[in-house]
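All values reported here derive from a predicted model rather than from experimental measurement.
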Amino acid sequence: ILVFVFYQFNEPPMFFNKNLEQIWQNESESKTINLEKKQLFESKKSLEISLIKSYHTQGTFDEKIKEEINQIDEKQKKLKSKVSDLIKKKHPEKDTQDTNYIFLTFIVDHLPQGIIGFLIAMILLSSMGSMASAFGSLTSTTMVDIYQRFLAPEKSNQHYWWASKISTIGWGIFCLIVAQFATNMGSLIEVVNILGSWFYGTILGVFLCAFYLPKATSNAVFWSAILAECIVIYLWNREIMAFLWLNVVGCLMVLILTFLLSIFQKSTE
């Protein structure tokens with residue numbers, strides 16, 4: 001939020017991706033369009049300052065000023081879209097989606113050098129830490145619940161050690177492939193929440209079944225989770241609701257279906 005506010009009063013580049021910005025600055029149309037971009041930014045900035053002053057003096061935001069700001073905002077979006085189309089036309093291999101570069105550009109361009117290095121190091125460390133724990137969890141689940149139980153139940157510890165290493169490499173390759181597709185899904189925060197919303201609600205529902213439906217059988221919970229997951233994916237595919245609501249739907253569907261399946265199983269016994 002603070003970075004967003006910062007760029008309301010400090011002119012942002014046309015593209016936060018520095019490589020893409022360099023390509024744009026070398027285009028013949030850049031000078032004319034950049035001048036228009038600067039004029040729109042200065043006009044919007046002046047109106048935003050007036051809006052803040054109107055709030056301090058009147059206690060409310062001036063609706064006329066808000067409308068003018070929204071009109072300029074629409075013009076800025078159309079200008080950015082026009083530039084993106086120009087880049088895609090001349091450089092079709094380039095991705096003009098640069099949302100994930102905004103925070104990194106802010107760090108590099110506006111923070112002291114010592115802080116820049118510290119923040120980038122922290123970002124890399126936190127990323128490596130979260131990925132390491134994810135790979136560890138995936139490998140443990142693969143080895144204990146699948147490999148040792150079904151594929152190789154009676155092998156030596158050395159065999160399991162090598163199998164776990166191969167499993168970790170396999171999951172790493174899988175995550176790299178998913179990441180290549182995820183880059184085309186929008187901003188990183190949205191992608192994480194979209195992918196998470198497919199599974200978080202269902203997993204929470206399974207845990208809640210253990211607390212609030214202690215008499216439910218494992219088969220009922222298992223099939224309820226599968227059915228709930230199918231419903232969640234269907235709702236997401238049809239875009240029936242915002243993706244964050246899928247967490248609520250997944251959780252409730254697991255609880256409801258488990259309750260109904262448990263009653264059905266008891267009636268058939």
**Message:** Would you say that Phe207 contacts Ile203 through its side chain, given a criterion of any heavy-atom pair below 4.5 Å between the two side chains?
**Reply:** yes

**Asked** Do Pro12 and Phe41 come within less than 4.5 Å of each other through their side chains, counting heavy atoms only?
**Response** yes

**Fill in**
Here the pair of heavy atoms bringing Met241 nearest to Trp245 is SD-CB, 3.7 Å

**Prompt:** Do you know the tightest heavy-atom contact between Lys37 and Pro13?
**Reply:** CE-C, 3.9 Å

**Prompt:** Looking at Gly250 and Ala228, what are the two nearest heavy atoms and their distance?
**Reply:** O-CB, 4.0 Å

**Message:** Donor-acceptor pair, distance only, cut-off 3.5 Å: does the side chain of Glu36 make one with the backbone of Thr32?
**Reply:** no

**Prompt:** Do the side chains of Leu51 and Tyr55 get nearer than 4.5 Å, heavy atoms only?
**Reply:** no

**Item:** Gap separating the OG1 atom of Thr99 from the CZ atom of Phe16, nearest 0.5 angstrom
**Value:** 9.0 Å

**CZ/Phe243: more than 12 non-hydrogen atoms of other groups inside 6.0 Å** = yes

**Asked** Would Leu244 and Val191 show up in the same hydrophobic cluster when neighbours are defined by side-chain heavy atoms closer than 4.5 Å?
**Response** yes

**Asked** Can you tell me how far the NZ atom of Lys18 sits from the CG atom of Asp109, to the nearest 0.5 Å?
**Response** 3.5 Å

**Message:** Contact between Ile49 and Lys45 at the side-chain level, heavy atoms closer than 4.5 Å - yes or no?
**Reply:** yes

**Message:** Taking CD in Glu154 as the centre, count heavy atoms belonging to other residues, nucleotides or ligands within less than 6.0 Å. Is the count above 12?
**Reply:** no

**Message:** Let me check something: do Leu195 and Val248 share a hydrophobic cluster, defined by ILVMFWY side-chain heavy atoms less than 4.5 Å apart, either directly or through other members?
**Reply:** yes

**Item:** Note: Glu29-Lys90 ion pair, threshold 4.0 Å (strictly below)
**Value:** yes

**Message:** Can you tell me how far apart CG (Leu246) and CG (Asn193) are? Round to the nearest 0.5 Å.
**Reply:** 11.0 Å

**Request:** Step by step, work out the salt bridge (charged side-chain N to carboxylate O under 4.0 Å, His left out) result for Lys66 and Glu63.
**Result:** CA-CA 5 Å; Lys66 286 173 63 177; Glu63 293 298 325; 3.7 Å; yes

**Request:** Establish whether Leu138 and Met128 are linked, either directly or via other cluster members, by ILVMFWY side-chain heavy-atom contacts under 4.5 Å.
**Result:** no

**Asked** Does the pair Tyr234 and Ile240 meet the rule for a side chain to side chain contact (heavy atoms under 4.5 Å, CB included), with working shown?
**Response** CA-CA 9 Å; Tyr234 175 80; Ile240 295 175; 4.2 Å; yes

**Request:** Give a yes or no answer on whether the side chain of Ser133 reaches the backbone of Ser130 with a donor-acceptor pair at less than 3.5 Å.
**Result:** yes

**Request:** Could you tell me whether a side-chain N or O of Ser126 sits under 3.5 Å from a main-chain N or O of Met122, the two making a donor and an acceptor?
**Result:** yes

**Request:** Output yes when a side-chain donor or acceptor of Ser167 lies under 3.5 Å from a complementary backbone atom of Ala163, and no otherwise.
**Result:** no

**Prompt:** Mind checking whether Leu204 and Asn247 have side chains closer than 4.5 Å, heavy atoms only?
**Reply:** no

**Under 3.5 Å donor-acceptor, Thr139 side chain and Gly136 backbone** = no

**Request:** Would you check if Glu27 and Ile33 make a side-chain contact, meaning some heavy-atom pair closer than 4.5 Å?
**Result:** no

**Item:** Audit row: Leu20, Tyr101, side chain to side chain contact (heavy atoms under 4.5 Å, CB included) steps and yes/no
**Value:** CA-CA 11 Å; Leu20 202 59; Tyr101 292 88; over 6 Å; no

**Asked** Rounded to the nearest 0.5 Å, how far apart are NZ of Lys44 and CD of Glu48?
**Response** 5.5 Å

**Request:** Apply the side-chain hydrogen bond (donor to acceptor under 3.5 Å, both in side chains) test between Trp24 and each candidate in Thr96, Asn17, Asn34; give the one that qualifies.
**Result:** Asn34

**Message:** According to a hydrophobic-cluster definition based on side-chain heavy atoms being under 4.5 Å apart (Ile, Leu, Val, Met, Phe, Trp, Tyr only), do Phe211 and Leu213 belong together?
**Reply:** yes

**Prompt:** Do other residues, nucleotides or ligands put more than 12 heavy atoms under 6.0 Å from the OH atom of Tyr7?
**Reply:** yes

**Any Phe135 side-chain heavy atom under 4.5 Å of Cys175 side chain** = yes

**Message:** What verdict does the side chain to side chain contact (heavy atoms under 4.5 Å, CB included) test give for Trp161 and Ser156, after you've listed the backbone C-alpha separation in whole Å, the side-chain angles of each residue and the deciding distance to 0.1 Å?
**Reply:** CA-CA 9 Å; Trp161 185 86; Ser156 64; over 6 Å; no

**Prompt:** In terms of heavy-atom contacts, does CG of Asn237 have more than 12 from other residues, nucleotides or ligands at under 6.0 Å?
**Reply:** yes

**Item:** Single-linkage hydrophobic cluster, 4.5 Å side-chain cutoff, Tyr200 and Ile231 together
**Value:** no

**Complete:** For Lys80 and Asp98 the tightest heavy-atom approach is NZ-OD1, 3.8 Å

**Ser30 side chain to Asn26 backbone, donor-acceptor under 3.5 Å** = no

**Item:** Test item: Ser50 side-chain N/O and Ser46 main-chain N/O as donor-acceptor pair under 3.5 Å
**Value:** yes

**Asked** Of all heavy-atom pairs between Val254 and Ser224, which one has the smallest distance, and what is that distance?
**Response** O-CB, 3.8 Å

**Message:** Tell me whether Gln58 at atom CD has more than 12 heavy atoms from other residues, nucleotides or ligands lying less than 6.0 Å away.
**Reply:** yes

**Message:** Tell me the closest heavy-atom pair linking Thr258 and Ala220, and the distance in Å.
**Reply:** OG1-O, 4.0 Å

**Request:** Show your working on salt bridge (charged side-chain N to carboxylate O under 4.0 Å, His left out) between Asp85 and Lys89 and close with a plain yes or no.
**Result:** CA-CA 6 Å; Asp85 290 340; Lys89 186 176 180 180; over 6 Å; no

**Prompt:** Trp171 vs Phe174 aromatic rings, parallel, tilted or perpendicular, using cut-offs 30° and 60°?
**Reply:** perpendicular

**Message:** Please determine whether side chain to side chain contact (heavy atoms under 4.5 Å, CB included) holds for the pair Tyr160 and Tyr147, giving the CA-CA distance in whole Å, both sets of side-chain angles, and the decisive distance to 0.1 Å.
**Reply:** CA-CA 9 Å; Tyr160 290 137; Tyr147 191 77; 4.0 Å; yes

**Prompt:** Atom SG in Cys251, atom CG in Leu255: separation rounded to 0.5 Å?
**Reply:** 5.0 Å

**Message:** Quick one, Val232 and Phe199 - any side-chain contact, counting heavy atoms below 4.5 Å?
**Reply:** no

**Prompt:** Using 30° and 60° as the class limits, which term best fits the ring planes of Phe106 and Phe6: parallel, tilted or perpendicular?
**Reply:** perpendicular

**Asked** Rounded to the nearest 0.5 Å, what separation is found between the CD1 atom of Ile116 and the CG atom of Leu104?
**Response** 11.0 Å

